[in-house]
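Working notes for the structure below.
Note that the structure is a prediction, hence the values are computed from the model and not measured. Note that the numbering runs from 1 along the sequence shown for the chain.
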Amino acid sequence: MQWPLLAQRVPLIGYFFVVVACDLALTGWELARTSPRAGQVALFGALLACGAACIEATRRLGMPAGVSRDLLSAWWLPVALLLPPVYALIAPVPLSILLQLRVRRSPIYRRVFSAAALGLAGGAASIVFGHFGLRTGTVRALTSWFGYPGPEVWFSRPVTVVIAVGCAALFSVLNAALVAVAAHAAEPLVRWRDVLWDSERLILDVTEVCVGVLVTIACALSPVLLFVALPPVILLQRSLLHQQLRAAARTDAKTGLLNAAAWQREADMEISRMVRTRGSLALLLVDIDHFKRVNDTHGHLVGDQVLAALADAFRQQVRDSDVVGRFGGEEFVVLLPGADVTEASKVAERLREQVAATPVMLGGVEVRVTVSVGVAVLGQHADDIPGLLASADLALYRAKESGRNQVRLFDEAADLPAPGPRLIAITPADPPRPRRSSDAQSLVIDVDDDAEPVAVAADQER
């Protein structure tokens, strides 16, 4: 059986071994030139114990996939700033093992890479701070357990605190850069700005730096203050984890877009605002053409990557104010506040053209897909979300029926069937689009009396 690491892209495999080798080499170098002292070992153990306590608090809440931010830097930074570099290099190892055993099982190579990246970042911050931030004979040279002969350096030399903040920022930037390169090596099509910082991640990184520096200063005064710092750090971490869990509950794991339930809530609020302000609004229903062929030919994992690539295309073509979600297996929905018929049609056409012109490269294999888009506009085609979904779904069906890879605007005269039974010719070469479970939910749940005939018409169309 092939190891998970060997199934990755060759650049990622090479980068993994380079980072791990650098970490091991630097650790060996620092071990050879560092003489352990009882006070240093005791402080190191106390900081690891605090980190373990935070991990146990995380385990109590659970950490599903996609939730990865924590405040363990609050304990890694004191190790880097108060102790010799070798301690910062080895500190991530026991905590990563604890995370693997107690919180969530991840592929071993990911844990190893994460520990190596953290070790290199912490070792670099420790070396820089030891060279510029402290004088000989202060914290590191005379470390003891219940008090330091030289903690006044943090207050008699304000520049020391400034350098400590800079080294903490260096730790955060270097670790993020190492991880970003790995992410880009795994997915070359992902833009650098998507694997580096966004505003939310930047705020979290700044918070981690501030908390880590404050814990470092408290620990420099006396390690006993660790018992005072631990409860608020755990509380902050639990609050951070709750926010991530709430975000994860709103997000589709495969695409990073809103899931169907979250999109429905956002759309309901947006349409209420538009009705109240008499604004315009449009809805796009997007379906990948022949997506089953992709799964059958290349496998479901490749199909998942195609979905992620399509989600990236959405992010490039829509505004921040637009509400984008994954609505079904290969179906996406976009709400365009303030858009009229003309603008909605232009957005849909740009999206269709981009998807058709941009192949998805997966392991040297080029996968091309197209999309069909149905468009409906508030006030012209329906007055609520169920009605807009039903209208856009009928327009999407017409786009599929007419050859796919096109945009269709809902036309009441053409798309609504005439009363009475209809005979629909079905040919083996072009079978009708199968009924999806997401269609049933979108057209039946919360449909009022005015929208019900549209739902029935949609059923007849299938």
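Atom CZ of Arg110 has 12 or fewer heavy atoms from other residues, nucleotides or ligands within 6.0 Å. Counted within 6.0 Å of CZ on Arg293, heavy atoms from surrounding residues, nucleotides or ligands total 12 or fewer; the atom is thus considered open.
Side chains of Asp205 and Phe171 form no contact here, defined as non-hydrogen atoms less than 4.5 Å apart. The shortest side-chain heavy-atom distance between Ile55 and Leu72 falls under the 4.5 Å cut-off. A heavy-atom distance below 4.5 Å is found between the side chains of Ile127 and Glu30. With contacts defined as side-chain heavy-atom distances shorter than 4.5 Å, the pair Val306/Leu310 does not qualify. Under the 4.5 Å side-chain criterion, counting only non-hydrogen atoms from C-beta, Leu281 is not in contact with Val377. Trp76 is not listed as a side-chain neighbour of Asn175, based on a closest heavy-atom distance of 4.5 Å or more. Side-chain contact between Thr160 and Val162: absent, with no pair of heavy atoms (C-beta onward) separated by less than 4.5 Å. When side chains are defined from C-beta on, Phe44 counts as touching Val79, because their heavy atoms get closer than 4.5 Å.
Taken from CD1 in Ile217 to CG in Leu225, the straight-line distance is 11.5 Å, to the nearest 0.5 Å. With rounding to the nearest 0.5 Å, the separation of CG in Leu95 from CG in Leu118 is 9.5 Å. The distance from the OH atom of Tyr87 to the OG1 atom of Thr27 is 13.0 Å, given to the nearest 0.5 Å. Going from atom CZ of Phe332 over to atom CG of Leu258 covers 12.0 Å, rounded to the nearest 0.5 Å. In this structure, the separation between OG on Ser321 and CG on Leu335 is 10.0 Å, given to the nearest 0.5 Å. A distance of 6.0 Å separates CG of Leu178 from CG of Leu120, quoted to the nearest 0.5 Å.
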Can Leu283 and Leu389 be said to form a side chain to side chain contact (heavy atoms under 4.5 Å, CB included), step by step? CA-CA 8 Å; Leu283 184 144; Leu389 285 170; 4.0 Å; yes
Report the C-alpha distance between Arg352 and Glu349 in whole Å, list the side-chain angles of each, state the deciding distance to 0.1 Å, and finish with yes or no for salt bridge (charged side-chain N to carboxylate O under 4.0 Å, His left out). CA-CA 5 Å; Arg352 185 199 65 79; Glu349 186 61 27; 2.5 Å; yes
Side chain to side chain contact (heavy atoms under 4.5 Å, CB included) assessment of Val294 paired with Val367: CA-CA 8 Å; Val294 176; Val367 180; 4.3 Å; yes
Could you give me the CA-CA distance, side-chain angles and deciding distance for Cys219 and Leu82, then say whether side chain to side chain contact (heavy atoms under 4.5 Å, CB included) is met? CA-CA 9 Å; Cys219 188; Leu82 297 178; 3.7 Å; yes
Candidate pair Leu226 and Trp75, rule side chain to side chain contact (heavy atoms under 4.5 Å, CB included), full reasoning: CA-CA 10 Å; Leu226 287 176; Trp75 314 112; 3.9 Å; yes
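Aromatic ring pairs are classed by plane angle as parallel below 30°, tilted from 30° to 60° and perpendicular above 60°; the pair Phe16 and Tyr109 is perpendicular.
Residues satisfying the side-chain contact (heavy atoms from CB on, under 4.5 Å) test with Ala115, not counting sequence neighbours, are Pro92, Ser96. Partners of Asp340 according to the side-chain contact (heavy atoms from CB on, under 4.5 Å) rule, which considers only residues two or more places apart in sequence or in another chain, are Thr342, Glu343. Shown here are the ring pair (Phe, Tyr, Trp, His ring centres under 6.0 Å) partners of Trp263, two or more places apart in sequence or in another chain: Phe327.
Arg273 approaches Pro337 most closely through the heavy-atom pair NH2-CB, 4.3 Å. The minimum heavy-atom distance between Ala74 and Val233, with the atom names listed, is CB-CG1, 4.1 Å. In this structure, Pro36 and Val41 approach most closely via the heavy-atom pair CB-CG2, 4.3 Å. In plain terms, the two heavy atoms of Cys167 and Val128 that are nearest each other are SG-CG1, 3.8 Å. Heavy atoms only, all atoms of each residue included: Pro232 and Val228 are closest at CD-O, 3.2 Å. Closest non-hydrogen pair, Ser73 versus Glu208, comes out as OG-OE1, 3.6 Å.
A donor-acceptor contact closer than 3.5 angstrom links the side chains of Asp289 and Ser372.
At least one donor-acceptor pair under 3.5 Å links the side chain of Ser280 to the backbone N or O of Gly338. In this structure a side-chain-to-backbone donor-acceptor pair under 3.5 Å is present from Arg9 to Ala185. A donor-acceptor contact shorter than 3.5 Å is absent between the side chain of Thr370 and the backbone of Asn405. Side chain of Gln100 to backbone of Ser106: a donor-acceptor contact under 3.5 angstrom is found. Distance alone, capped at 3.5 Å, is enough to place a donor-acceptor pair between the Gln237 side chain and the Cys54 backbone.
Checked options Leu388, Asp322, Val407, Val334; the residue passing with Leu284 is Val334 (criterion: side-chain contact (heavy atoms from CB on, under 4.5 Å)).
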